[in-house]
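Just so it is clear, the values below take in all heavy atoms, side chains as well, and ignore hydrogens, waters and symmetry mates. Chain letters run A, B, ... following the sequence lines, proteins first and then strands; every chain starts at 1.
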Protein chains: 2
Amino acid sequence: MTLNGLSKADQAHQHVLKGITSGQYKPGDRLVLSSIANELGMSVVPVREAIRRLQTDNLVTFERNVGATVTGIDPIEYQYTMETLALVEGYSTALCAPLVTAQTLTKARGINQQMRELLNEEFAPELFTELNEKFHLALFEHHPNPHILDLVHRGWNRLAALRSTTFTFVPSRAPDSVVEHDELLDLIADGAEFLVIEAAARNHRLNAMHAYLDHHAKANPKSF
Amino acid sequence: MTLNGLSKADQAHQHVLKGITSGQYKPGDRLVLSSIANELGMSVVPVREAIRRLQTDNLVTFERNVGATVTGIDPIEYQYTMETLALVEGYSTALCAPLVTAQTLTKARGINQQMRELLNEEFAPELFTELNEKFHLALFEHHPNPHILDLVHRGWNRLAALRSTTFTFVPSRAPDSVVEHDELLDLIADGAEFLVIEAAARNHRLNAMHAYLDHHAKANPKSF
DNA sequence: TTCGGTAAGATCGTATACGATCTGTACTAA
DNA sequence: TTAGTACAGATCGTATACGATCTTACCGAA
């Protein structure tokens, strides 16, 4: 119970969330309440609650009397998520820019350097994506609006669930991304205007989206 | 059951949501599972699920082993919500602008005219707020990104819950709002640039926020 | 008086049980 | 063969029951 201070419902929520973002549960997989309950050694009631919570975040699709499935990968859904993320990340970056300390700036440059080095080796999309989130999270250190920060995290979770991290499908996008990161840091260091930083950060994400969509359009020319 | 095609959990969700947005349940009110279950003639299980869903939307605050309360009114929370709303409403307005038909534009002008007429009579904040949402919703008719539209609705629900609709506390803001609406419509009709429309719509909301915060600072000079 | 502890009431957290609904399959009739 | 039906299995939806936890009020000791 108080083993870790978490209710069983919370445990179930974390378990399934981790399962989805880690790829253990893949898009389209069914999430059967009783099975998960057995896995975790609890009854279905807390599991049910956890699943419904994930539904609110659009991580699972729930059909009455049928069951839950991990929300499927779908270019349209991907586009919705990326656009939303561009919006909230862009604004967050601009909002946090004046609050970024020199120390944080150094840390961010270090992370981006790690990313740059990754480009030379055998490219590892997973690791690259992880560093990418770390980079942006560092810039959001002193976020003045927790609601918006929460939306950023929800977007990231959703992307992880979709497994269509841009870098997985369009690795050629990675070098551009690193360059844009540096540009972003320069703007912040120079104390650029709010709207300038916002536009840069927003476009940073939108560029990734368009790279993926172009890629997808070429791969599936039939689907209009 | 299939009385209306809704599960009991959904019924409970709608009931409590309506109770909160309508003001029947006021901020700080306790939401006791068993009481609500009795009211609705069902067991606590569906009610519990409904409450947890509302928690995800920050409409209720849930404390372990203690219970749920309607999220309280708090200038900080208000600020968070308004800022988030400014962000998503502003972007939505710009995104939808090219899709707004002449017919919709006329409808929006009609709604704004109703609002203008309200200014002369005994001012009714509730009605004014309702028309205000109708106005903006009309502009979002063909919203290309349902995720973002969803965020707008969540923000509206939250504001309704907080009952600190700006117009209730700062009625003097209402005339400015009507003027800004007209300016917004002109921009849309003229096919103004994306960023111009976005900035106008965003500031429209932010102005309301600042009007309230100024008002509050004057009323409570001690709490900085 | 005041502090600490204990017991009672209220409420939540979860397990279990069972009815409701969906899905797929096998069987029958045309 | 094929369409339709009926049955069985799987899974969800909800009610009920009970243990866990919090809050409060009361009481005794310093």
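Annotation: side chain to side chain contact (heavy atoms under 4.5 Å, CB included) contacts of S22(A) (sequence neighbours excluded): Q24(A). Not counting sequence neighbours, E83(A) has no partner by the salt bridge (Lys or Arg N to Asp or Glu O under 4.0 Å) test. The side chain to side chain contact (heavy atoms under 4.5 Å, CB included) test applied to I188(B) returns T93(B), A97(B), V100(B), L105(B), L139(B), I197(B), not counting sequence neighbours.
A salt bridge is absent between D214(B) and K218(B): the closest approach of a Lys/Arg side-chain nitrogen to an acidic carboxylate oxygen does not fall below 4.0 angstrom.
For the helix from dT1(C)-dA30(D) to dA30(C)-dT1(D), the angle separating the two terminal helix axes comes to 0°, with each axis derived from five pairs and the value rounded to 10°.
The cationic atom of R173(A) (NZ for Lys, CZ for Arg) does not lie both less than 6.0 Å from the six-membered ring centre of Y212(A) and within 45° of the ring axis.
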Which atom pairs, donor and acceptor, lie under 3.5 Å between side-chain atoms of residues 33-41 of chain A and protein residues at least two apart or in another chain?
residue	atom	partner	partner atom	Å
N38(A)	ND2	S34(A)	O	3.4
E39(A)	OE1	H15(A)	NE2	3.4

Give the B/S/- string for nucleotides 8-13 of chain D, one per nucleotide from 5' to 3', where a protein heavy atom under 4.0 Å of the base yields B, of only the sugar-phosphate yields S, and otherwise -. ---SSS

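At least one side-chain heavy atom of T81(A) sits under 4.5 Å from a side-chain heavy atom of H147(B).
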